[in-house]
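Report on the following structure.
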Amino acid sequence: MNIEHVFGTEEMGSVGTPKMKIKAILFDYDDTLVQTRKIRYGTLKDLAREIFQFELKDSHIDDAWGLPGDDFLRRVYGKFSEDLESLWEVYNSFCERDPNLTFPGVEDFLQKYGSTFHFGILSSSSGRRVLKEMEYFSFSKDSFFAIQTAEDTKVHKPNPKVFLPILEEAKRRELDSSEILYIGDTLGDATASLGAGLRFLGMAHEGHSAKIFQDENLEFVSSFLELGRWIEF
């Protein structure tokens, strides 16, 4: 199927909205490309138990989830985060014991459409984790024209200004925000990307995420297999 054709301005999306021509796809990282929540809850609890001798509860991690990297560790470990650099070293060592995993179909999708779209990543996670983890995936950071992490901006989702750095990089490739699709797993992702003039598509790997997107009448897919079908619709 001709990708250029299906993304013409006259084509219609799966919920009846016009499909603008898309030249670039930006991804959220955690829980969109990779299974961070599933993997890292265990990592965080192990560190708390083995190093700081306390039991970390899911609810405490939930309260911090989505914060930029430094703020996340401060919220999770409280008084034990005073020496943040040392905490990062310990945390990274524990993460090495629990390698993060991509969701099924990610590698195939990036390989199949890498010559059709410019790919990028915008994440609130620290580059200390994102870039390190990507060394172990079958795709590399060179698959993306830009990888923006928490250290690259002072504002964060749901603030639309979080997209300013990566949009500057996109302009160098003559990409307009209206030609960029952002794929993420939260309402904060939707608020930030739509506010920045991008198109948004939800990625609902879990049923509760699908319900949230449905309630807000936001278009979404539930896997990278579905994403491939959505693109070729």
Side-chain angles (χ1 to χ4, degrees), residues 24-48 50-51 61 64-74 76-77 81 83-153 156-157 162-163 165-170 172-173 180-186 189 203 205 223-225 227-228:
I25 300 176
L26 305 182
F27 299 94
D28 176 43
Y29 182 73
D30 296 316
D31 305 317
T32 297
L33 287 176
V34 295
Q35 304 180 47
T36 308
R37 186 183 290 268
K38 177 181 178 181
I39 303 295
R40 289 288 165 253
Y41 271 50
T43 306
L44 293 160
K45 290 179 180 180
D46 287 345
L47 192 158
E50 296 177 30
I51 303 300
I61 304 175
W65 202 257
L67 290 175
D70 288 353
D71 294 339
F72 174 76
L73 289 184
R74 289 191 183 102
V76 169
Y77 292 109
S81 65
D83 186 347
L84 191 60
E85 288 304 310
S86 294
L87 178 56
W88 266 112
E89 289 182 13
V90 175
Y91 177 59
N92 281 333
S93 70
F94 272 70
C95 288
E96 295 303 309
R97 297 182 354 185
D98 301 322
N100 209 342
L101 301 173
T102 59
F103 282 100
V106 168
E107 289 90 346
D108 290 342
F109 181 88
L110 294 176
Q111 182 177 9
K112 182 175 182 179
Y113 296 104
S115 61
T116 304
F117 303 104
H118 297 273
F119 289 138
I121 291 174
L122 185 145
S123 172
S124 295
S125 286
S126 171
R128 306 186 201 208
R129 285 305 324 145
V130 174
L131 298 177
K132 184 66 176 177
E133 289 178 1
M134 289 181 69
E135 294 177 5
Y136 299 95
F137 298 145
S138 63
F139 57 86
S140 72
K141 62 182 181 181
D142 295 331
S143 303
F144 306 93
F145 76 86
I147 299 174
Q148 181 181 315
T149 59
E151 293 85 355
D152 298 316
T153 175
H156 301 282
K157 296 178 287 188
V162 70
F163 280 91
I166 203 166
L167 287 179
E168 283 298 315
E169 192 63 33
R172 296 188 184 98
R173 288 162 173 77
I180 301 174
L181 173 71
Y182 187 63
I183 300 176
D185 66 299
T186 70
D189 293 328
M203 178 58 76
H205 292 294
S223 68
F224 276 82
L225 180 60
L227 177 58

Report task. Tell me yes or no: between the side chains of Ser126 and Glu151, is some donor less than 3.5 Å from an acceptor? Result -> yes
Query raised in the report: Among side-chain atoms of Thr43 and Arg40, is any donor-acceptor pair under 3.5 angstrom?
Result: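 Yes, side-chain donor-acceptor contact under 3.5 Å.
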4.5 Å side-chain heavy-atom contact, [X] and [Y]:
{"X": "Phe224", "Y": "Glu107", "result": "no"}
{"X": "Leu227", "Y": "Ile183", "result": "yes"}
{"X": "Ile147", "Y": "Tyr29", "result": "no"}

Of all the heavy-atom pairs spanning [X] and [Y], show the shortest one and how long it is.
{"X": "Asp31", "Y": "His205", "answer": "O-CD2, 3.3 Å"}
{"X": "Asp30", "Y": "Ser123", "answer": "OD2-OG, 4.2 Å"}
{"X": "Thr149", "Y": "Ser125", "answer": "CB-O, 3.2 Å"}

Requested in this report: Run the ring-centre check on Phe27 versus Phe119 and record whether the distance is less than 6.0 Å.
Outcome: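 Under 6.0 Å, so yes.
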**Report entry** Ion pair check, Asp28 and Lys157, cut-off under 4.0 Å
**Finding:**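 Yes, charged N to carboxylate O under 4.0 Å.
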**Report entry** Lys/Arg N to Asp/Glu carboxylate O, Arg173 vs Glu168, below 4.0 Å
**Finding:**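 Looking at Glu168 together with Arg173, the answer is no, because their closest N to O distance does not fall below 4.0 Å.
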Query raised in the report: Could you go step by step and tell me if Arg129 and Asn92 meet the side chain to side chain donor-acceptor pair (under 3.5 Å) rule?
Result: CA-CA 7 Å; Arg129 285 305 324 145; Asn92 281 333; 2.9 Å; yes
Query raised in the report: Do other residues, nucleotides or ligands put more than 12 heavy atoms under 6.0 Å from Glu96 CD?
Result: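 Yes.
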Report task. Using the six-membered ring wherever Trp is involved, compare the ring planes of Tyr91 and Trp88 and label them parallel, tilted or perpendicular (cut-offs 30° and 60°). Result -> perpendicular
**Report entry** Main-chain N/O of Asp189 paired to Thr186 side chain as donor or acceptor, under 3.5 Å
**Finding:** yes
